[in-house]
Structures are given as structure tokens and as C-alpha cells.
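What follows is a set of notes on a single structure, which appears directly below.
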Amino acid sequence: MASKFITFLSDFGYTDNFVGTCHGVIKSIAPEVEIIDLCHGIRRHDIRTGALILANALPYMPGSVILGVVDPGVGTGRRPLAIRTAQGRFLVGPDNGLLSLAAVELGGAEAAVELACSAYSLPQVCKTFEGRDLFSPVAAHLAQGVRLEQLGAPVPVDDLVRIELPPPVIRDGEIAATVIYIDRFGNVQLNLSRDQLAAAPGSDLVVSHGEESWRVPFVSAFGDVDPEELLVMEDSYHNISFAVNRGDAARMFQIQVGDEIRFRASS
Amino acid sequence: MASKFITFLSDFGYTDNFVGTCHGVIKSIAPEVEIIDLCHGIRRHDIRTGALILANALPYMPGSVILGVVDPGVGTGRRPLAIRTAQGRFLVGPDNGLLSLAAVELGGAEAAVELACSAYSLPQVCKTFEGRDLFSPVAAHLAQGVRLEQLGAPVPVDDLVRIELPPPVIRDGEIAATVIYIDRFGNVQLNLSRDQLAAAPGSDLVVSHGEESWRVPFVSAFGDVDPEELLVMEDSYHNISFAVNRGDAARMFQIQVGDEIRFRASS
Amino acid sequence: MASKFITFLSDFGYTDNFVGTCHGVIKSIAPEVEIIDLCHGIRRHDIRTGALILANALPYMPGSVILGVVDPGVGTGRRPLAIRTAQGRFLVGPDNGLLSLAAVELGGAEAAVELACSAYSLPQVCKTFEGRDLFSPVAAHLAQGVRLEQLGAPVPVDDLVRIELPPPVIRDGEIAATVIYIDRFGNVQLNLSRDQLAAAPGSDLVVSHGEESWRVPFVSAFGDVDPEELLVMEDSYHNISFAVNRGDAARMFQIQVGDEIRFRASS
């Protein structure tokens, strides 16, 4: 079952030729396949952000093959993987958790193989650039209809490395949630759903970060508050976000991924 | 009348998956359409630069659909638009002036509609990411031949928001022009045409910025002066530019968009 | 002999519309041709890095047309070129050495022409943006099967500008090699092959930069040493590299392109 599209995410950046070379490898094998570059600007080695982006974006992406390379352990014992999900899509990349949230989003991993050097990799697989020599060729062959089982030995799906996102906790009448993502605009995304927050749109919240606290309205769009004003809203991926209309909340308050943000109803 | 191409410009940057997700949405609707990424590195919320780039570049772009998203007012009262120009091309984006210079360049707006959530948007339109949920699907459907009138209620084209670029003024024997764009190389583009400057190639000009003045030759290529030397020339979009051969004029003289640069003939 | 692909490299960056406009020009001429963006993040005017990337990556790229634009001398006397290599591939760009290492990699230049304004350029060729007006159209026409000889007057291939990389030298029992490339991850690539280094994997080396020296193992993958530890290895382009596992060697030791790094066997 061939796929017209490969979705590609990495931390390769835009100043080297890593991304372009992987495109070349894929197109040499599968000239008719189209590559959709989801993002290559992930911070170096930031597996968790890569995993979150894949999980968030995949519902919007066509085609059945997804290639993800954020791989600080390249060339070491970590397994190179291809996974088939319950929805019949394929995830290709290192077994370091990068693919784990996407697998859940796509119905769960149904089967997995440990990729081997084979007729479906480049003839020489360099241990420092498996993105080029192993993962890209495998993605191309999967898009052309090669079966998962042809790519390597099976791995029990329960053995795959998983990323766990810290769940929000209720403490002293507050909900404490973890910052999981900060976008280009400085919007602060939390691992917190609207149901968990349990606040009504239009109500006010007290939002705390470290020793700072602000009274912030819970709204449905940036423009519901004046420019430079704080807001809390459900963002476009159904997470609760803390932001500043036309401003940069993360920079303004020096918020980083992993920080804790606390919410309580305003009295 | 279908289009093989969609030209896409935004301020989404390259560190998030905003651009890639819009590609996914477009390709899910219109798998055969090809997206040409004009630029996604526009400074955040810089509507005017986005408008200038669209107007400058569109004469070089094939296909009839142009998607532009620089949208600080997303989710507020500003109208989401699709415009048909006199040349039969379509512009999709927010009604904040972003599309206005391009519309003029393409013969003027002939008809416009205010986009509504419909069969031509995604089923749920999130007020924080209309680029993904509204503008991208509409561009895809236009490229597949959906008619403008099917996309929403008509808006009088005279009501659309316009960007006005400050015209050069003559004052005390000088022409004072406004910096409208600074490129990666630090070249300083002015809202000034060669006719308005009325200088002969090969002649010298006195160029002033704030309290600084320089005697600068009016030439036709960077290499007509020595490295590190100043020059004035007509640039590749027929605007007068002030530059330094193999140097960065904007950084060297701390020139910013919106600054005034003055020119007079050298005596 | 037409080509489905054009590989494109430049120093145009991602904040302007230079790359997108060249795509538009190519697609207007050759709508069926596919452009593979190898890299546009080359440091401004860094001809040598552009040349190295082209030479390294081309063996992985499909199609016969390669477009390279790193062109500090645009609009001056430097020749605009198209080259046919012994392998039947075409290189298009300025005659400043950018294409020279790729030509060698592809079997050597077999024929070259100096591009002229013609039916195969845009009607007006602006001296400040030949990438758009001359090189892109020529690449598009070559991809459509136009013959090299139709594009301009022949140039003897021995007259083309070449880049020479400084060879390693043996001095006082040490091999001194030059840093030719530093990637996003801070890995330091040297103009030194494994044969020239003549060290056995698993052995230790004394590596010196300026007055600093370190004892470093020669390994085959980043993960063969602990995180934050130094290593020397053969990289994915068969050059010897000096790196830090999960760290940034170039930043840590302030190493720059052009610096000398010395190696000797550890006693």
C-alpha cells in the first residue's frame, strides 16, 4: 500500500545540508513521493518537543509515512525503528521516545521492527548520519509499498521507549501544570486540558509562575484582550496556553519548558 | 479554473510546525497542488513587509492562488478574506492590508468575500490558528476550482484595508524617502523610484541619514564600487537602494525600516 | 535529455523572498520540474562552504541540474557559467569557484559556456539579482533539455576559477590539518582523510588547537564516548572530524573555519 507523501521532522536546522541531502536520498529511491517538511527547527536533541509536534500535527498530515529524526544517540545501542500504527500509518526513526506520542495519537503501535542494514538502506550506513543512510531510505521504501516485516527483526511494541508528560496536579486549591512547549511567538503551552482546568470562558484566573502571580482572563482568542495584556486560552491543539496578546509571554516572564505554572479561580 | 500552484507567505518562522501543518491541510484537500513557499521568515506581525514582498514577488510566481498569513488580529473582528483580482488571480488572507499592495500589482481587486466557516474550511475553525483551519483550506479549494462566490458573503472592494507607503517628499532641495525594507544583506530599500530620484547613473549623490551624510556614487551594480564602499542603485524591484558592496549598510549605520534617507545632487 | 530535478543551493537565507522568487521563476518555465533545496543557510558570501556542501551532497542528489548561487561579485566581470561534467550533469552559477569542487566530484568539467542574456534568461537581467533573472531560468531550461551550447559562448574549462583546499602537512611528527566546515552541532570537519591520519580506531590521539591540547580517542560514533567527552572520527563525508558527544566542540574551544588542528599519536 503505497503513500504519495512522507512527513519529515528533524532537528537538522537550516544552515547545513542535512535536510536537503535526506530529500535527495528519498527522491533517488522514490521520485514520485512528495515530502512535506513538518519542521526542522527543533532545538538540537530536544526529543520531547519533536515528539509533541509530531503528535499534534499528524492529524493534519496526509499520507501514511512519517519520518522523524531527533537522535542524540545516533550510532549507539538505541534501536533504529519502523512502527506500524493501528491506523495503518508508519513511523520511522530512533527508539528514544520521539515517535511515542505520535504512535498513541495514531491509535497505538501495532507492530515494530528494528531496522537493519539491508537492501532497503544505503549500501554503506554511516554511524554518524543514519538519518541519511538508514531512516530516509526506509521511509522511501515504505512509501513505495515495501512491507514493514521486510525491514528488520520484530520488536515487541511494549519494549519501545516512551515519553511521559507530567500530568497536572491539584495542590492547595491550585492546579499545577507543566510547560511543554513554547512557540516562536512566546506562547506558553501547558500539559493541561480545558476539562482539567475547569474554568468557564470569560472568568478570571490567578496564574502563578515561581513567586509571580497575575490575574488573567480566560478567553477564546488573543484579540479578546488588549495588546500587551495577558490571557489564558485553549490553543489550537486543545492545550491550555498562557500568552500575551501581540507580546512574548515566555520572554517577558522568563518562562521555560519544564517550568510549573499554577492556576486557581480568582476570588 | 484550477491552479497547479499556491504561493504561500507568512510570519510563521521555521522553529515551529505552523508552515508544515498548513502544507498538510492543503495537500489533504488538494494532493496535486504544488505549494511554493515564498517566505516564512517575515518578522512577527510585520504586515507591511509581508505586503511589500507579496507585491514585489508575485509577477514572478506561476499559478493563480496566493495565500498570505501575517495576522496579529487573528480571531478578532478583522475580516478573513478571499479576493479576485482583475488579472484573475486569488489572494487569501486577513483584511489588514497584507494583501493590498499585491492586489494593486495584480490589476486591482475585482471582487472580495468575507470567508465563513463552511464546507470549504476545516470542520472546526480555531480562533487562534485560522491559517490552518480557514485560510489554508480555502486556498486549496480555490486551487481546485471552487468559485470565489461560494466561499462567503461579498465585501465591497472599496472597504478593504489598504497599506499606504509614505511617498517621497521634496524639501530644501533634497528628496526625502522612507526606508521600506532591509534585506538579509543589509541593503536598504527606499520607497523611491529612479524617475523620482532623477539622477544620472555615474553621478554622485549626497546621502543623509539623521545627522550623518556621505558622498555616494549612483551605480548599476554592487561591484561598480570597491568592497566596503557605499553605493546607491536601482535594485532588482525597481526601487532605489542604499547599500555597501560586500558589507551591511543597515547595521553599519543603524538604519531601520521607517527611517528617512535624504538625497541631493553632489555639488 | 531532460531532468526531473534541480538541486538548488544559495546563501539567500530564509528571511527574504529570494529563494521563493527563484522557485517561481523556475516553475514558470518548467512547471513539471521539482526543486530540491539543498541548503540556503550558507553564511553570506561564503563561497568555500557552498562549494564543499555541493561536492559533499551531490552524490546523494537525483537529477542532472545543479543550481548554485553564492555570488558576492554579482553584476561585475565574473563570468556567469553553465558547466557540463563528465558524468553528464550540469552546474549553473557564478565562476568564482563555487561549482569547482562539485565539478571534480562529478568527474570533472567537460564543457562550459559563459551565460548570455538570451531567450533562456528573463527578458531583463538585473545586475543585482542574476540568481533570479539569469541562473534560475537557465537551470530551468537545462532541465527541460536545452543544450549547453545554446546558452552562451564556450569557455575553456581550464580557465574556470578553482577553489584549492589547503592539504594537510606533516611537521615535527604531527599532522596539521585545516578546519574546512563547522556544522550546526559544532562538529569540526577537517581537510584530512582517514588514510592521511593513519590512526587505528580505538587508539588515542593528541589533538592540538593553538596552545591547547587534549588526549582524544579515535572512535567510529559519537556515542562511543560519554556525553560531553571529546572524540575524533571519520564523519559521514569521509573527512576526519573533531567533536564533543552531545556538545558543541567549535563553541567550547572557539574553533573557526580556517583554523589549524594538529594530530599526533598518543605516547
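Excluded from the calculations below are hydrogen atoms, water molecules and symmetry mates; all remaining heavy atoms, backbone and side chain alike, are included. Note that the structure is predicted; figures quoted are calculated from it, not measured. Quick note on labels: first sequence line is chain A, next is B, and so on, each numbered from 1.
- For the atom pair C/Cys22 SG and B/Ile36 CD1, the distance stands at 11.5 Å (nearest 0.5 Å).
- Scanning both residues, B/Arg246 and C/His45, for their nearest heavy atoms gives CA-CE1, 3.9 Å.
- Using a distance-only test at 3.5 Å, with no hydrogens or angles considered, a donor-acceptor pair links the side chain of C/Arg44 to the main chain of B/Phe185.
- For chain B, no part of C/Ile26 is nearby; none of its heavy atoms comes within less than 4.5 Å.
- If you check the side chains of B/Tyr60 and C/Asp133, you find no donor sitting under 3.5 Å from an acceptor.
- Annotation: maximal heavy-atom pairing with chain C below 4.5 Å, among B/Glu234, B/Arg184, B/His238, B/Lys4, occurs at B/Arg184.
- Of all the heavy atoms in B/Pro62 and C/Lys27, the pair that sits closest is CG-CB, 3.8 Å.
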Query raised in the report: Can C/Phe18 and B/Asp183 be said to form a side chain to side chain contact (heavy atoms under 4.5 Å, CB included), step by step?
Result: CA-CA 10 Å; C/Phe18 303 137; B/Asp183 71 18; 3.5 Å; yes

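- When the candidates B/Gly41, B/Gly223, B/Ser236 are compared by the number of heavy-atom contacts under 4.5 Å with chain C, B/Ser236 comes out ahead.
- Using a 4.5 Å cut-off between heavy atoms, B/Phe5 touches chain C through its side chain atoms alone.
- Ranked by heavy-atom pairs under 4.5 Å with chain C, the list B/Ala243, B/Ser241, B/Pro227, B/Ala221 is led by B/Ala221.
- Of the atoms belonging to B/Leu38, heavy atoms from both backbone and side chain fall under 4.5 Å from chain C.
- Taking the side-chain contact (heavy atoms from CB on, under 4.5 Å) definition, one finds that B/Pro59 meets it with B/Glu105, sequence neighbours left out.
- Heavy-atom pairs under 4.5 Å with chain B were tallied for C/Val19, C/Asp11, C/Thr21, C/Asp16; the largest tally goes to C/Asp16.
- Of the two parts of B/Asp37, only the backbone, made up of N, CA, C and O, holds a non-hydrogen atom closer than 4.5 Å to a non-hydrogen atom of chain C.
- With a 4.5 Å cut-off on non-hydrogen atoms, C/Glu34 does not touch chain B at all.
- Scanning both residues, C/Pro72 and B/Asn245, for their nearest heavy atoms gives O-OD1, 4.5 Å.
- Within the cation-pi definition used here (under 6.0 Å to the ring centroid, within 45° of the axis), C/Arg132 qualifies as a partner of B/Tyr237.
- Taking each heavy atom of B/Phe222 and C/Val74 in turn, the nearest pair found is CD1-CG1, 4.1 Å.
- Listed here is the closest heavy atom pair of B/Ser220 and C/Thr128: O-CG2, 4.2 Å.
- Interface remark: B/Ile182 contributes backbone atoms only to the contact with chain C (heavy atom separation under 4.5 Å).
- Residue B/Asp46: no heavy atom, backbone or side chain, is found under 4.5 Å from chain C.
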